[in-house]
Protein chains: 2
Amino acid sequence: MVKVSEHTRQKILEISADEIRKHGFTATSLSVILKRCDISKGALYHHFTNKLELGYAVFEEIYTPEFLAMWQPAVSGNDPIESLVDFFQSMLTNLSCEDIVCGCPLNNLCQEMSGIDEGFRLRILNMQQQLNSLIATNLVRVSSQLRDDINFQQVAYFIISCFYGASNLSKGSKNKDLFSQVINELCAYIYHLRKQ
Amino acid sequence: MVKVSEHTRQKILEISADEIRKHGFTATSLSVILKRCDISKGALYHHFTNKLELGYAVFEEIYTPEFLAMWQPAVSGNDPIESLVDFFQSMLTNLSCEDIVCGCPLNNLCQEMSGIDEGFRLRILNMQQQLNSLIATNLVRVSSQLRDDINFQQVAYFIISCFYGASNLSKGSKNKDLFSQVINELCAYIYHLRKQ
DNA sequence: CTACATACCGACCAAGCGGTTTGTAAATGA
DNA sequence: TCATTTACAAACCGCTTGGTCGGTATGTAG
C-alpha cells in the first residue's frame, strides 16, 4: 500500500534536487522550493526535520542513484578502456552547454559542503571512493593489456580529478569548448594506459 | 606621499582575502571582517562601495599577484617539463593539509561565483587564460624535445584541470593523500610529453 | 460514532545579512 | 586661523533566512 503523502515527498525531493544542482545547497532557499512545489512550510517540515536532512535525502535518494546510473556504462563492458573513452565522448555529444556549466552535483557539493558539514562530506567521500573502486577494479580486470607501471587506484583518482577539473574550468568560460579540450586530452591519456 | 588611511584599506583587503579563501565569497560575512579588523561598518564602506567591489579588489590586489607569484617558478627556467614537475612536487612537500583542503582561491571562486556574477567570472576567466598561455608558450619553447602530436593549449588546460580536480577531490577526504596521488600521476603525464 | 494519527496550512519568530545615514574627530589646504 | 575634506564610528533599516507552533481537514481503526 502506497501512502498518499509519498507523492508530496517525492515532489519536494525532485524540486530540491533541481534547485541544489543549480544553486548549491546553501544558496538554495526553502521558500523557493515551497513556491515551486506549491506547498506550505508545514508540509515540508512534516516530511523533513530540517534543511540539512532534506539535503541528505536529496543526496541519497536522487543524486546517488542518478550518479551510479550515469557512470555505469563507463565501468562495464568488455573493454574498460574503450568504455571509459566512449563514456566521456558521449558526454561531449549529449550534454548541453548548460549541463556542463552547471556541473556534476557531487563535485559541486564536495567543494561547497565538505568543509562545512560532516554529514555531507562523508556521503560525498563514500561516493567518490565507490566510483574510484569501480574504475580501478574494472581496469585491473584487463591489466594484462595495460602498461606494467600502472597504479590503478591512482589512475582512477586521476581520471576523476580530470573530470572534476574540466567541469570546473568550463564554468568560467561558459561554453563547451574548454570542457571538450580537456576531455579529449583525458581520452588520449586513457588510451595511453594500454601497452604501447 | 602615502595616505594614512591606506593602512586600513590594506588590512581590510588582507583579512577579507583570508575569509573569502576559507569560506568563499557569499559565506563571508562583513560583520566578521569588521570584527577581525576591529573597525566599524562606516570604515569599510568608506573604502569600498559594496561587498562585491570589495570582492573584486581582493581578487585584483591580493589573489592575482599571489597567484602569478605562485605559478611563476612553474613557467620559467630552462626546462619547462622539469619546472612544472618540480613545481607540483614542491606543493606536496610545502603545502599543509589545511592549505590543500582549503584549495586554490581561483578554483573555488570559479565554481562559486562564475554562475552568479559576471564581474567575478570575467576576472577569473582572464586569469585562467593568462595561466594557460604561460604554460602553453613555455612548452612551445621546447617543442623540439616534445612529442609531435601535442596540442599545447589543450595540454595546458588539461594540466590546470588536473590541478583543480585534485584539490577538489581532496576536500572530501580532508587529507593530503588523494592530492598526492593525483599530482604524482599528473607528473608522470607531464614527463610523458617528452619524446620517448 | 468516537478517538486518534496523518498531512498540511500559514502566521509568527529571532537572527543575520548587506547597506544607509547621521554624526564627529582628525587631518589638510588656503 | 578657519573652512573643508577625510576617515572613520555607531545606530539604524529593510529584507531574507531557517525554523516553530497552534490550528485544521482528512483519513482510519476500534
Side-chain angles (χ1 to χ4, degrees), chain A residues 1-59 61 108-109 112-113 115-121, chain B residues 1-59 61 109 112-113 115-120:
Chain A
M1 189 199 110
V2 171
K3 280 196 187 173
V4 196
S5 67
E6 194 58 26
H7 172 253
T8 304
R9 195 185 126 91
Q10 273 303 315
K11 191 168 181 182
I12 296 174
L13 280 177
E14 281 161 26
I15 288 185
S16 299
D18 186 56
E19 287 291 322
I20 295 173
R21 190 194 317 276
K22 283 177 186 160
H23 310 114
F25 179 77
T26 309
T28 286
S29 160
L30 294 186
S31 60
V32 171
I33 294 176
L34 299 182
K35 264 175 210 150
R36 284 190 58 189
C37 289
D38 198 30
I39 59 169
S40 71
K41 195 161 262 190
L44 193 149
Y45 275 85
H46 170 72
H47 289 284
F48 305 95
T49 63
N50 53 38
K51 192 190 180 189
L52 211 47
E53 290 297 329
L54 170 60
Y56 295 163
V58 166
F59 190 93
E61 301 178 42
N108 295 345
L109 285 174
E112 184 195 353
M113 299 304 293
I116 299 177
D117 179 74
E118 279 292 287
F120 261 115
R121 188 181 75 87
Chain B
M1 188 200 113
V2 172
K3 279 195 188 174
V4 195
S5 68
E6 194 58 26
H7 171 254
T8 304
R9 196 186 124 92
Q10 272 303 315
K11 192 168 182 184
I12 295 173
L13 279 178
E14 281 159 25
I15 289 187
S16 299
D18 185 56
E19 287 292 322
I20 295 173
R21 191 192 316 275
K22 285 178 185 158
H23 310 114
F25 179 76
T26 309
T28 286
S29 160
L30 294 186
S31 59
V32 170
I33 294 175
L34 300 181
K35 265 175 212 152
R36 284 190 58 187
C37 289
D38 197 31
I39 59 170
S40 71
K41 196 159 261 190
L44 193 150
Y45 274 85
H46 170 72
H47 289 283
F48 304 95
T49 63
N50 53 36
K51 192 191 180 189
L52 210 47
E53 290 297 329
L54 170 60
Y56 295 163
V58 165
F59 189 93
E61 300 178 42
L109 285 175
E112 184 194 353
M113 300 304 294
I116 300 178
D117 179 76
E118 279 292 286
F120 262 115

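So that the names make sense, note that chain A is the first sequence line, chain B the second, and so on, each numbered from 1.
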Nearest to the side chain of [X] - [options]?
| X | options | value |
| --- | --- | --- |
| B:Tyr45 | C:dG18, D:dG19, C:dT6 | C:dG18 |
| A:Lys41 | C:dG10, D:dT17, C:dG18 | C:dG10 |
| B:Ile39 | C:dG18, D:dA9, C:dA7 | D:dA9 |
| A:Ser40 | C:dG10, C:dC17, D:dA10 | C:dG10 |
| B:Ala43 | D:dC8, C:dC17, C:dG10 | D:dC8 |
| A:Leu30 | C:dC17, D:dG18, D:dT6 | D:dG18 |

Heavy-atom side-chain contact between A:Thr8 and A:His46 under 4.5 Å: no
A:Ile20 side chain near A:Asn108 side chain, heavy-atom distance below 4.5 Å: no
Donor-acceptor pair, side chain of B:Lys51 and main chain of B:Phe25, under 3.5 angstrom: yes
When the distance from [atom1] of [X] to [atom2] of [N] is rounded to whole Å, what number comes out?
| X | N | atom1 | atom2 | answer |
| --- | --- | --- | --- | --- |
| A:Leu54 | D:dG19 | CG | C1' | 13 Å |
| B:Leu44 | C:dT20 | CG | P | 12 Å |
| A:Lys35 | C:dC9 | NZ | P | 15 Å |
| B:Phe48 | D:dC8 | CZ | P | 11 Å |
| A:Leu52 | D:dG19 | CG | C1' | 13 Å |
| B:Glu53 | C:dG19 | CD | P | 10 Å |
| B:Leu34 | D:dC8 | CG | P | 13 Å |
| A:Asp38 | C:dC8 | CG | C1' | 13 Å |

Phosphate oxygens OP1/OP2 of [N]: is one of them under 4.0 Å from a side-chain N or O of [X]?
| X | N | result |
| --- | --- | --- |
| A:Ser29 | D:dT16 | no |
| B:Ser31 | C:dG16 | no |
| B:Thr8 | D:dC8 | yes |
| A:His46 | C:dA7 | yes |
| B:His47 | D:dC8 | yes |

Sugar-phosphate, base or nothing in reach of B:Thr49, heavy atoms under 4.0 Å: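 Contact class for B:Thr49: none.
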Touch class at under 4.0 angstrom, heavy-atom based, for B:Thr26 against every strand present: nothing
From B:Leu54 atom CG to B:Arg9 atom CZ, the distance as rounded to the nearest 0.5 Å: 9.0 Å
Five-pair end axes of the helix from C:dC1-D:dG30 to C:dA30-D:dT1, angle between them (10°):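 Both end axes considered, the difference amounts to 0°.
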Shortest non-hydrogen separation from [X] to [Y] and the atoms involved:
| X | Y | answer |
| --- | --- | --- |
| A:Ile15 | A:Cys37 | CD1-SG, 3.7 Å |
| B:Phe120 | B:Asp117 | N-OD2, 2.8 Å |
| A:Arg36 | A:Asp18 | NH1-OD2, 2.8 Å |
| A:Ile12 | A:Phe48 | CG2-CE1, 3.6 Å |

N/O donor-acceptor pair, side chain B:Lys51 with base C:dG19, under 3.5 angstrom: no
